[in-house]
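Report on one structure; see the data block that follows.
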Number of protein chains: 2
Amino acid sequence: MTITIKDVAKKANVSIATVSRIVNNKPGYSKETEQKVLQVIQELGYHPNGLARGLISKRTHTIGVLVPDISSMLMSEFISGIEHVTHDYGSSVIVCHTESQGQKTRQYLQVLKEKQIDGIVFTSEVLKKDYYQIIKDMDIPMVLLSTESFDFPVPYVKVSDRRAAYSATEYLIKKGHRKIGMISGRRGDIIAGQPRIDGFMAAMKAHELSVKDEWIVTEGFNFEDGVNGFHKLIDQFPEMTAVFAASDEVALGILSAAYKMNIHVPDQLSVIGYDNLRIAEMSTPPLTTVAQPLVEMGKKSAELVFEMMESNRSVESRIFPHEIVERQSVKELS
Amino acid sequence: MTITIKDVAKKANVSIATVSRIVNNKPGYSKETEQKVLQVIQELGYHPNGLARGLISKRTHTIGVLVPDISSMLMSEFISGIEHVTHDYGSSVIVCHTESQGQKTRQYLQVLKEKQIDGIVFTSEVLKKDYYQIIKDMDIPMVLLSTESFDFPVPYVKVSDRRAAYSATEYLIKKGHRKIGMISGRRGDIIAGQPRIDGFMAAMKAHELSVKDEWIVTEGFNFEDGVNGFHKLIDQFPEMTAVFAASDEVALGILSAAYKMNIHVPDQLSVIGYDNLRIAEMSTPPLTTVAQPLVEMGKKSAELVFEMMESNRSVESRIFPHEIVERQSVKELS
DNA sequence: TTGTATGCGTTATCAA
DNA sequence: TTGATAACGCATACAA
């Protein structure tokens with residue numbers, strides 16, 4: 001027997017309207033009745049039913065987060081930021097792991113729609129037309145995190161992958177490296193693949209270094225990709241002195257493979273990562289990497305959602321600054 | 001303008017009752033009307049409102065998961081399993097990070113109650129009396145994951161921490177080690193602290209090895225605890241040849257600290273971890289560890305919740321088997 | 001300051 | 001096979 005507003009009203013000898021006002025701090029009651037009602041609420045342990053509330057108010061105090069099932073470590077930092085501010089706003093988040101599958105994404109989108117969520121943050125993946133359409137039809141604020149759309153007017157929060165990659169590469173160059181390899185995401189990936197390759201190429205070119213095709217190997221972003229990629233790379237580009245890994249996981253894969261091949265990092269090979277995940281400081285040697293302010297970005301994405309909700313207007317995108325975090329996987333060449 | 005069941009009914013020239021029946025596959029309509037209604041639903045892009053549904057059906061198809069903010073890597077594996085089966089059951093999960101604070105936990109519990117969730121999995125923390133009371137009052141199924149209650153009759157899913165620790169220690173002993181240190185959680189922690197210490201002690205004793213107080217250092221479960229703990233341990237127990245770390249993160253901390261001190265693992269020091277997180281295979285050297293089937297445990301915990309929901313009865317607790325995963329951080333002593 | 005009554009979008013109970 | 005209509009638990013416009 002769940003206890004409702006009626007029970008409170010009856011026991012306090014007032015109408016449900018009055019109880020409602022008190023619960024919601026709407027004006028229209030005396031100090032005495034407030035006392036009494038609050039008292040009864042306490043006694044009965046009454047808690048309003050969010051469903052009934054949401055049905056009327058059109059607000060469920062819930063936002064949805066869509067994440068592809070890549071790099072749970074990356075995602076958990078984003079989500080941590082999102083949850084933090086969402087909680088501060090008195091809302092909850094429902095996280096949906098799409099496994100990068102269109103079918104599952106659409107399915108989740110429908111679920112979120114039925115749950116009448118108030119807003120959505122869409123993470124790390126290309127916003128396809130039908131995704132966009134579905135969300136647009138839901139008529140709720142949406143923001144992109146660690147991705148952007150060139151086709152639709154949706155605000156986003158990210159770093160500049162191109163410039164971050166440029167910085168990482170330039171860092172290596174300034175440390176005296178000339179023969180630099182890269183293990184990157186696929187060129188077809190216009191979010192985290194091609195832009196980082198572009199940044200790498202641009203930095204090399206800016207310093208009048210030419211890069212051959214064999215210097216770049218395109219795999220995915222996880223650990224295994226790092227070890228596989230390194231095997232390929234070292235094979236076709238044995239004289240390299242440094243590698244730029246497109247993710248920290250990949251960098252760890254390189255570290256691991258190099259260790260097994262008795263290649264000492266950083267003495268014989270320097271490696272720089274990308275992301276600055278928690279594991280970057282846990283590796284041996286600790287990983288030098290270009291940091292994205294992951295938690296901050298997560299926070300901002302949620303803040304923008306709430307800002308849009310409250311203002312009913314769109315909002316500016318944000319490009320966060322990146323920075324090089326120096327640890328011990330890169331050595332200066334003399 | 002959100003479109004409702006009424007719109008469908010009107011356009012299809014039937015009553016909302018009929019539409020409802022068709023949407024829910026309840027008997028009571030002809031093939032023709034079904035065709036027509038389905039057609040209209042398609043055209044209008046109608047999706048039922050979950051709030052209204054839940055209000056009447058008492059089912060929101062949402063379950064809550066409470067996790068303390070320790071070891072996001074551990075949690076993300078648990079959650080991954082939970083989400084998987086929850087999705088299979090056509091439900092969603094709301095994850096609440098309690099930061100191990102009673103206040104926040106209670107607060108989240110109220111939120112979940114207002115959202116009328118169908119069930120709850122409570123993770124990795126002691127189920128305090130008031131938590132239990134709140135959840136009990138919600139009258140929904142609950143299961144404990146990676147924790148258990150000695151005070152309340154709540155089904156749980158976990159491994160035997162004591163026996164797993166016993167196995168890890170015994171593994172070290174069988175590899176020829178006699179002087180074995182341990183970095184553990186606090187003794188006050190009756191879930192993951194004391195039991196693992198007990199297992200360690202028991203294994204030593206069973207092999208007629210006595211352990212001195214200085215052989216055990218009690219810290220937390222994360223990376224920093226590992227490095228700090230190792231410094232203490234090596235200081236007060238320099239002749240040790242192996243360490244049992246109460247978590248993989250701690251083990252990585254040890255690896256890291258040892259590397260900096262030029263202590264070679266496993267040649268000069270063997271280390272075994274606990275959990276078998278993804279990072280266990282990413283470290284250098286790859287970490288030998290006692291594995292908990294984390295994802296499976298997460299799955300099972302959710303399955304039990306749904307089983308309880310459907311059967312309206314309680315359910316048996318499950319102790320999952322653990323196993324030693326041999327990698328390269330332990331060396332056999334000759 | 002307070003209460004009555006209506007509606008939010010469904011499902012379920014009846015009667016037709 | 002169908003359709004009215006009463007709930008579900010609450011917020012709110014309007015009356016008092």
Side-chain angles (χ1 to χ4, degrees), chain A residues 1-38 40-41 44-62 110-118 138-139, chain B residues 1-38 40-41 44-62 110-118 138-139:
Chain A
M1 231 300 295
T2 118
I3 109 127
T4 78
I5 199 173
K6 278 186 194 166
D7 303 314
V8 176
K10 189 178 298 175
K11 182 155 184 183
N13 285 317
V14 294
S15 70
I16 64 169
T18 298
V19 176
S20 175
R21 290 187 191 102
I22 293 174
V23 168
N24 296 292
N25 285 314
K26 305 270 182 186
Y29 49 85
S30 68
K31 259 286 179 247
E32 299 91 64
T33 52
E34 178 180 14
Q35 289 293 329
K36 186 172 50 182
V37 169
L38 252 24
V40 172
I41 286 179
L44 262 38
Y46 166 72
H47 281 275
N49 181 318
L51 299 182
R53 270 188 158 172
L55 196 53
I56 279 188
S57 68
K58 307 298 187 196
R59 285 278 241 110
T60 54
H61 298 280
T62 308
Q110 299 304 355
V111 169
L112 291 176
K113 175 170 185 175
E114 294 192 6
K115 283 192 170 19
Q116 312 290 125
I117 56 166
D118 300 332
M138 296 172 65
D139 198 30
Chain B
M1 234 300 295
T2 118
I3 109 128
T4 79
I5 200 174
K6 280 185 193 167
D7 303 313
V8 176
K10 188 178 300 177
K11 183 156 183 181
N13 285 317
V14 294
S15 71
I16 62 170
T18 299
V19 177
S20 176
R21 290 189 190 100
I22 293 174
V23 168
N24 296 291
N25 285 313
K26 306 267 181 185
Y29 49 84
S30 67
K31 259 286 180 246
E32 300 91 62
T33 52
E34 178 180 14
Q35 289 293 329
K36 187 171 51 181
V37 169
L38 253 25
V40 172
I41 286 178
L44 262 39
Y46 165 72
H47 281 275
N49 181 319
L51 299 182
R53 269 188 158 171
L55 193 54
I56 217 168
S57 70
K58 308 295 186 198
R59 284 280 241 110
T60 54
H61 298 280
T62 308
Q110 299 305 354
V111 168
L112 292 176
K113 174 169 186 176
E114 294 191 6
K115 283 191 169 18
Q116 313 288 126
I117 56 167
D118 300 332
M138 295 172 65
D139 197 30

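The figures here come from the full heavy-atom set of this structure, side chains too, leaving out hydrogens, waters and symmetry mates. Chain A is the first sequence line, chain B the second, and so forth, proteins listed ahead of strands; every chain is numbered from 1.
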Next item on the list: Scan B:L51 against the nucleic acid and name what it touches under 4.0 Å (heavy atoms): base, sugar-phosphate only, or nothing.
Entry: nothing
Check: Between the main-chain N or O of B:G54 and the side-chain N or O of B:T60, is there a donor-acceptor pair closer than 3.5 Å?
Finding: no
Check: NZ of A:K26 versus C1' of D:dA11: gap in Å, rounded?
Finding: 8 Å
Margin query: Just to be sure I understand the rule, does A:V23 reach a base, reach only the sugar-phosphate, or reach nothing, if contact means heavy atoms closer than 4.0 Å?
Written below: nothing
Check: Between A:V8 and A:I41, which heavy-atom pair has the shortest distance, and what is it?
Finding: CG1-CG1, 3.8 Å
Margin query: Determine whether a donor-acceptor pair (N or O, by modelled atom type, separation under 3.5 Å) exists between the side chain of B:N24 and the backbone of B:K26.
Written below: no
Next item on the list: Using only heavy-atom distances, determine whether the side chains of B:K115 and A:T62 contain a donor-acceptor pair under 3.5 Å.
Entry: yes
Next item on the list: Ignoring backbone atoms, establish whether A:T18 has a side-chain N or O less than 4.0 Å from OP1 or OP2 of C:dG3.
Entry: yes
Item checked: Interatomic distance where CD1 belongs to A:I41 and P belongs to D:dC10 [whole Å] -> 10 Å
Note to self: Strictly below 4.0 Å: does A:R53 bring a side-chain N or O up to OP1 or OP2 of D:dC10?
What the structure shows: no
Next item on the list: Using whole Å, report how far CG of A:N24 lies from C1' of D:dA11.
Entry: 7 Å
Check: With a non-hydrogen cut-off below 4.0 angstrom, is A:T33 in contact with a base, only sugar-phosphate, or nothing?
Finding: sugar-phosphate
Notebook entry, point to check: Are OP1 or OP2 of D:dG9 and a side-chain N or O of B:K58 less than 4.0 angstrom apart?
Noted result: yes
Note to self: Of the options C:dG3, D:dG9, C:dT10, whose atoms approach the side-chain atoms of B:I56 most closely?
What the structure shows: C:dT10
Check: Just how far, in rounded Å, is C1' of D:dT12 from CG of A:N25?
Finding: 16 Å
Notebook entry, point to check: Given atom NZ of B:K115 and atom P of D:dC10, what is their separation to the nearest angstrom?
Noted result: 15 Å
Next item on the list: Kindly say if B:S15 contacts the phosphate of D:dG3, meaning a side-chain N or O under 4.0 Å from OP1 or OP2.
Entry: yes
Note to self: For a side-chain contact (heavy atoms from CB on, under 4.5 Å) check, start with the C-alpha distance between A:M138 and A:I117, then their side-chain angles and the critical distance, and finish with the verdict.
What the structure shows: CA-CA 9 Å; A:M138 296 172 65; A:I117 56 166; 3.9 Å; yes
Notebook entry, point to check: What does A:P27 touch in the nucleic acid at a heavy-atom separation under 4.0 angstrom: a base, only the sugar-phosphate, or nothing?
Noted result: nothing
Next item on the list: Tell me which nucleotide among C:dA5, C:dG9, C:dT2 gets nearest to the side chain of B:T2.
Entry: C:dG9
Item checked: Euclidean distance, atom CD1 of residue B:I5 to atom P of D:dA4 [Å, nearest integer] -> 14 Å
Item checked: Atom-to-atom span, NZ of B:K6 to C1' of D:dA4 - whole angstrom -> 13 Å
Notebook entry, point to check: A:K10 has an atom NZ; how far is it from atom C1' of C:dG3, in whole Å?
Noted result: 16 Å
Next item on the list: Scan A:S20 against the nucleic acid and name what it touches under 4.0 Å (heavy atoms): base, sugar-phosphate only, or nothing.
Entry: base
Check: Could you give the distance from CG (B:L55) to CG (A:L51), rounded to the nearest 0.5 Å?
Finding: 6.0 Å
Check: Considering only C:dG3, D:dC10, C:dT13, which nucleotide approaches the side chain of B:R21 most closely?
Finding: C:dT13
Checklist line | Toward the 5' end of DNA chain D, by each residue's nearest nucleotide, B:S30 or B:L55 | finding: B:S30
